[in-house]
Engineer: 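The structure is given below, and queries will be raised subsequently.
Heads up: numbering here begins at 1 and tracks the sequence.
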Amino acid sequence: MRPKLRGLVLSCAAIVFSPAAHAQSWQATAGAESPDKKLQALAFLPNEIWIHAGDSITWTFPANEPHSVTFLKPGQVRPTYAAGCPGITADGSMFDGSVCVNSGRIGIAGTTYTVTFPSPGNFKLVCLIHANMTGMVHVLGPVEPLPHDQDFYNRQGATGQRDLLSDRDGGLGRKFGEGAPHDFGEENAHAHRHEIVTGTGELVSTAGGLESVSLMRFMQPVVTIHAGETVEWASSDVSGHTVTFGQEPPNVTPETPQSASPNVLLFSDDDGARHAVITSPADSLHSGRIAQAPQERTGLAQAPPGVTRYRVTFTNPGIYPYICAFHDQLGMTGEVIVLP
């Protein structure tokens, strides 16, 4: 090859491959929370990113609510977070659509997880713990221009976090009375026949995917009733919760079924609500997951109705503390005071 031609070829090669030689590491977050942990943003922030082939993205997990960073293969059936895809993959794994990548359940604030994308493509990002938490990563060829830089994504993520956690549209407030969106109070609980609203939330759709915000609280944390009366917990959230008295089951997951001490009576009411009769504060009772049925999608079998109501009848006086076994670390606890 003549010297001039060889020099031209080498120069072109340097131009084409230089972006790959300077692969960029991008930053994003998985989840966010209010200072008191009661409001949880179940979202990838931002939930849509454009990068070059060879680049990587590091997601930081700033909240105490667990999440996963998961990329499934096209057409792969969504697994439970306990099963993984299967299992978990190492931090820094590569994803090109041929093999799934999964961080596993990460519930320690400050943890990070990195994925490298060696090939162009458009890849859906999901959290296996929260069905309504998705995103998109667009991986472009090395010479394609990118529409945004890291500063843009930092601003977009901060804006998304603020919008979700501040309830700027007032939606959560409207559900529970303006000026007191986070607590009905005992008086209102009596007015609603001892119904305890079990969390609340809102779903948001963006061009990148789905995200949501959940208020992880029992809206009436303390309720006073008389022996023989019944309390009903009603799910109003986009996330699932439990009502758990006494000893919670070991390694509890959304698949953990309802269980109770031998002397606790369990049955279902005609409207599909689960019902228990508890006789002592020393009894243990776990409701199982209380949540709406999963979203319906064409091509899938009709899902059975979700269990959204859980009722407990208290036959004897006492103080009955309880928790949501999924979110007690966030402060989701309550107490039923039973008078004679």
Side-chain angles (χ1 to χ4, degrees), residues 7-32 41-62 67-78 85 88-104 106 111-128 130-161 163-164 204-212:
L8 179 61
V9 170
L10 290 175
S11 297
C12 291
I15 292 173
V16 171
F17 293 106
S18 58
H22 299 87
Q24 184 171 349
S25 178
W26 300 82
Q27 304 296 316
T29 61
L42 311 179
F44 296 108
L45 300 165
N47 69 354
E48 188 172 26
I49 300 179
W50 285 259
I51 65 173
H52 281 133
D55 289 355
S56 62
I57 303 176
T58 296
W59 283 271
T60 299
F61 295 73
H67 300 285
S68 80
V69 165
T70 305
F71 291 89
L72 301 175
K73 297 184 296 181
Q76 182 175 355
V77 175
R78 180 187 175 102
C85 64
I88 64 175
T89 52
D91 185 23
S93 293
M94 293 189 176
F95 183 75
D96 61 5
S98 62
V99 179
C100 70
V101 167
N102 177 39
S103 69
I106 295 180
T111 303
T112 62
Y113 186 77
T114 300
V115 179
T116 299
F117 300 85
S119 305
N122 299 297
F123 304 116
K124 184 178 181 180
L125 167 63
V126 302
C127 172
L128 292 182
H130 304 107
N132 297 311
M133 181 173 169
T134 66
M136 183 67 68
V137 176
H138 305 285
V139 184
L140 308 183
V143 297
E144 294 294 324
L146 297 178
H148 307 296
D149 60 12
Q150 182 66 62
D151 287 342
F152 172 85
Y153 293 127
N154 292 344
R155 293 192 301 270
Q156 190 181 55
T159 299
Q161 174 179 326
D163 289 349
L164 288 169
V204 178
S205 179
T206 74
L210 296 176
E211 54 192 27
S212 61

Engineer: Please give me the minimum heavy-atom distance between A28 and P46, naming the atom from each residue.
Structural biologist: CB-CD, 4.2 Å
Engineer: First locate atom CZ of F61, then atom OG of S68, and finally report the distance between them rounded to the nearest 0.5 Å.
Structural biologist: 7.0 Å
Engineer: Does T60 reach the main-chain N or O of P62 with its side chain, forming a donor-acceptor pair under 3.5 Å?
Structural biologist: no
Engineer: Could you give the distance from CG (D163) to CG (L45), rounded to the nearest 0.5 Å?
Structural biologist: 10.0 Å
Engineer: Kindly give the heavy-atom pair with the smallest separation between Q27 and Q150, and that separation in Å.
Structural biologist: N-OE1, 2.9 Å
Engineer: Just jot down the disulfide (SG to SG under 2.5 Å) partners of C85, sequence neighbours excluded, or say none.
Structural biologist: C100
Engineer: Can you check side-chain contact (heavy atoms from CB on, under 4.5 Å) on I51 and V137, steps first, answer last?
Structural biologist: CA-CA 8 Å; I51 65 173; V137 176; 4.1 Å; yes
Engineer: Heavy-atom distance under 4.5 Å between the side chains of S205 and L210, does that happen here?
Structural biologist: yes
Engineer: Answer yes or no: is there a side-chain heavy-atom contact under 4.5 Å between E211 and L164?
Structural biologist: yes
Engineer: Find the distance between NE2 (H67) and OG1 (T29) and round it off to the nearest 0.5 Å.
Structural biologist: 9.0 Å
Engineer: Is there a side-chain contact between L140 and L146 in this structure, where contact means two heavy atoms from C-beta onward sitting under 4.5 Å apart?
Structural biologist: yes
Engineer: First locate atom CD of Q161, then atom CD of Q156, and finally report the distance between them rounded to the nearest 0.5 Å.
Structural biologist: 13.0 Å
Engineer: Does any non-hydrogen side-chain atom of W59 lie less than 4.5 Å from one of I106?
Structural biologist: no
Engineer: If I take atom CD1 from residue I88 and atom CG from residue N102, how far apart are they, to the nearest 0.5 angstrom?
Structural biologist: 7.5 Å
Engineer: Does M94, at its CE atom, have more than 12 non-hydrogen atoms belonging to other residues, nucleotides or ligands within less than 6.0 Å?
Structural biologist: no
Engineer: With heavy-atom distances below 4.5 Å as the criterion, would you say the side chains of L125 and V69 are in contact?
Structural biologist: yes
Engineer: Taking the side chain as every heavy atom from C-beta outward, state whether H52 and Q24 have any atom pair closer than 4.5 Å.
Structural biologist: no
Engineer: Give the intermediate values and the outcome of side-chain contact (heavy atoms from CB on, under 4.5 Å) for residues K124 and L72.
Structural biologist: CA-CA 8 Å; K124 184 178 181 180; L72 301 175; over 6 Å; no
Engineer: Show your working on side-chain contact (heavy atoms from CB on, under 4.5 Å) between I57 and V115 and close with a plain yes or no.
Structural biologist: CA-CA 6 Å; I57 303 176; V115 179; 5.8 Å; no
Engineer: Side chains of T89 and Y113: does their closest heavy-atom pair fall under 4.5 Å?
Structural biologist: yes
Engineer: Step by step, would you call F117 with W26 a side-chain contact (heavy atoms from CB on, under 4.5 Å)?
Structural biologist: CA-CA 11 Å; F117 300 85; W26 300 82; over 6 Å; no
Engineer: Checking side-chain contact (heavy atoms from CB on, under 4.5 Å) between V139 and each of W50, F123, F95, which is the one that passes?
Structural biologist: F123
Engineer: Measuring only between side-chain heavy atoms, which start at C-beta, is F44 closer than 4.5 Å to C127?
Structural biologist: yes
Engineer: Is the backbone N or O of D96 less than 3.5 Å from a side-chain atom of S119, with the two atoms forming a donor-acceptor pair by type?
Structural biologist: no
Engineer: List the steps and the verdict of side chain to side chain donor-acceptor pair (under 3.5 Å) for S56 and T116.
Structural biologist: CA-CA 4 Å; S56 62; T116 299; 4.5 Å; no
